[in-house]
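Presented below is the structure to which this report refers.
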Protein chains: 2
Amino acid sequence: MNGTARRPRRHDPGRRDRLVDAAIAVIAERGVAGTTHREIARAADVPLGSMTYHFASLDEVLAEAFTRHASSVADVFDERLGAAPDRDAAVEAVISLVADDLLGSAHDLVLTVELYVAAARNPALKAVTQAWMGRSRRALERHFDATTARELDALIEGLVLHSALSTDPMTPEQIRHAIHRLLR
Amino acid sequence: MNGTARRPRRHDPGRRDRLVDAAIAVIAERGVAGTTHREIARAADVPLGSMTYHFASLDEVLAEAFTRHASSVADVFDERLGAAPDRDAAVEAVISLVADDLLGSAHDLVLTVELYVAAARNPALKAVTQAWMGRSRRALERHFDATTARELDALIEGLVLHSALSTDPMTPEQIRHAIHRLLR
DNA sequence: GCGCCATGCGTACGAGCGTACATATGATGT
DNA sequence: ACATCATATGTACGCTCGTACGCATGGCGC
């Protein structure tokens, strides 16, 4: 009756990590509201009991998932801006980051907005959000003064959000135009 | 045993409207995730059965609540921008709108972000979001060209969002600076 | 080689949920 | 005055959820 073969799962080091990854995937697909122990366990192909063994609560899973997501997005941000030799290159890096986020993955945007909502009522996640925003601000401040960094950061957020929710998303040229206009 | 007096509730015209208002309050306070038939009924002080009588499903309640919220925010937007006699006045109106939104009510921002998340997985709410964005774009286009309107709209969104989530919210002067910088 | 215990597993429980539905009631047209 | 029926109410059902917990198992120190 058991159609799908069961892999031997004893001694599965790193299972906790895989569970966090599975949680990220579930949040992206079904939203925080649709993220349950059972759903995560199914996504990671582990039994339900494994969740309560590795995590004290569902909130703990969410916190780790969002922390990992934020950190990996910030890594890309840091890396690309760090590689820019001068201000002009930094501007190009920002444009490319925004355009990639937009065209590449609505996936990441959904996770981000889900995080914002969750953070509104969960202090731990609020801290995650703020740490993330701090990192991106600091990355921008390598090339721009503090005021400019903050304004640019806000513009980026708005561009990504509006583009993703709009029927008629902004083109890379429009993104470029907006960013150059603020920085001109 | 029944400590709280029960108002006579028969023949309560406009109850449906009050329920939608109660739903808005509950969403703002507890989030979409914490919004249930029972919670809304409690907030409006009506029995649970009243919910299923007035609404076919919980989704219907959410849709009406978000529609009303979006429409009332857009009304303010329209009104203030419509009253501006020239471009300079329109810029001031935008600055004041952003600063009021920020300083006045985190309440509205929470509702907005909740709407974005809900819209990501609910086509009806996506339509509500897009109609709303369309209205604010059109309001801006009374005073700015289409490209400027779109860029300004995005900047506004980012400023409000970042300010609200930041430990150190932007001051009205900083808001003014950012907006003037884009439009300069 | 072997026992111990960290790790993995299955199941059960109580709570809260959306929704259905049978019944009660009073405003309204006559 | 009264019958009607839209409106209002209380309760119950079936489901999914988070979490607890007792049992199984096999890697590792001895």
Side-chain angles (χ1 to χ4, degrees), chain A residues 1-23 25-27 29-66 114 118 121-122 124-125, chain B residues 1-23 25-27 29-66 114 118 121-122 124-125:
Chain A
M1 178 159 287
N2 185 354
T4 58
R6 284 286 171 91
R7 300 186 272 111
R9 279 183 292 219
R10 291 280 166 195
H11 190 54
D12 180 1
R15 171 176 290 196
R16 203 188 141 96
D17 276 351
R18 288 197 303 110
L19 288 177
V20 173
D21 286 337
V26 172
I27 295 169
E29 200 175 332
R30 313 222 189 251
V32 169
T35 300
T36 66
H37 277 139
R38 287 167 175 80
E39 206 65 43
I40 297 167
R42 196 172 305 134
D45 189 30
V46 302
L48 173 61
S50 194
M51 295 301 300
T52 59
Y53 177 73
H54 286 286
F55 303 95
S57 72
L58 188 58
D59 270 353
E60 186 177 312
V61 188
L62 293 178
E64 291 205 24
F66 279 126
E114 292 277 354
R121 287 173 188 86
N122 182 328
L125 293 181
Chain B
M1 180 162 284
N2 185 355
T4 60
R6 284 284 173 89
R7 300 185 271 109
R9 278 182 294 220
R10 292 277 166 197
H11 189 54
D12 181 2
R15 170 176 291 195
R16 205 189 139 96
D17 275 350
R18 288 196 303 111
L19 288 177
V20 174
D21 285 337
V26 172
I27 296 168
E29 199 174 332
R30 314 223 189 250
V32 169
T35 299
T36 66
H37 277 138
R38 287 166 174 81
E39 206 65 42
I40 297 167
R42 197 172 304 132
D45 189 29
V46 301
L48 173 62
S50 194
M51 295 301 299
T52 57
Y53 176 74
H54 286 285
F55 304 95
S57 72
L58 188 57
D59 271 351
E60 187 177 312
V61 188
L62 292 178
E64 292 205 24
F66 279 125
E114 292 276 354
R121 287 174 187 87
N122 181 329
L125 293 181

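Quick note on labels: first sequence line is chain A, next is B, and so on, each numbered from 1.
Going from atom CZ of R18(A) over to atom P of dT7(C) covers 16 Å, rounded to whole Å. Rounded to an integer number of Å, the gap from CD1 of I40(B) to C1' of dC17(C) is 13 Å. Here dA8(D) presents its C1' atom at 14 Å from CZ of F55(B), a figure rounded to the nearest Å.
Listed by chain and number, the residues in a salt bridge (charged side-chain N to carboxylate O under 4.0 Å, His left out) with E29(B) amount to none (sequence neighbours excluded).
With hydrogens and angles disregarded, no donor-acceptor distance shorter than 3.5 Å links the side chain of E64(A) to the backbone of V20(A). Using a distance-only test at 3.5 Å, with no hydrogens or angles considered, no donor-acceptor pair links the side chain of E39(B) to the main chain of T35(B).
For residues 47-59 of chain B, the pairs satisfying side-chain hydrogen bond (donor to acceptor under 3.5 Å, both in side chains) are R15(B)-S50(B), with sequence neighbours left out.
Listed pair H54(A) / dG8(C) meets the phosphate criterion, a side-chain N or O lying under 4.0 Å from OP1 or OP2. For dT16(D), neither phosphate oxygen OP1 nor OP2 lies less than 4.0 angstrom from any side-chain nitrogen or oxygen of R42(A). OP1 or OP2 of dC9(C) has at least one side-chain nitrogen or oxygen of R15(A) nearer than 4.0 Å.
Taking CG of L62(A) as the start and CD1 of I40(A) as the end, the distance is 6.5 Å to the nearest 0.5 Å.
Between E114(A) and R30(A) there is no salt bridge, since none of the side-chain N atoms of the basic residue sits less than 4.0 Å from a carboxylate O of the acidic one.
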For nucleotides 18-21 of chain C, give me every protein contact, N/O to N/O, under 3.5 Å, one pair per line with atom names.
from, atom 1, to, atom 2, distance (Å)
dG18(C), OP2, H37(B), N, 3.1
dG18(C), N7, R38(B), NH1, 2.8
dG18(C), O6, R38(B), NH2, 3.1
dT19(C), OP2, L58(B), N, 3.0

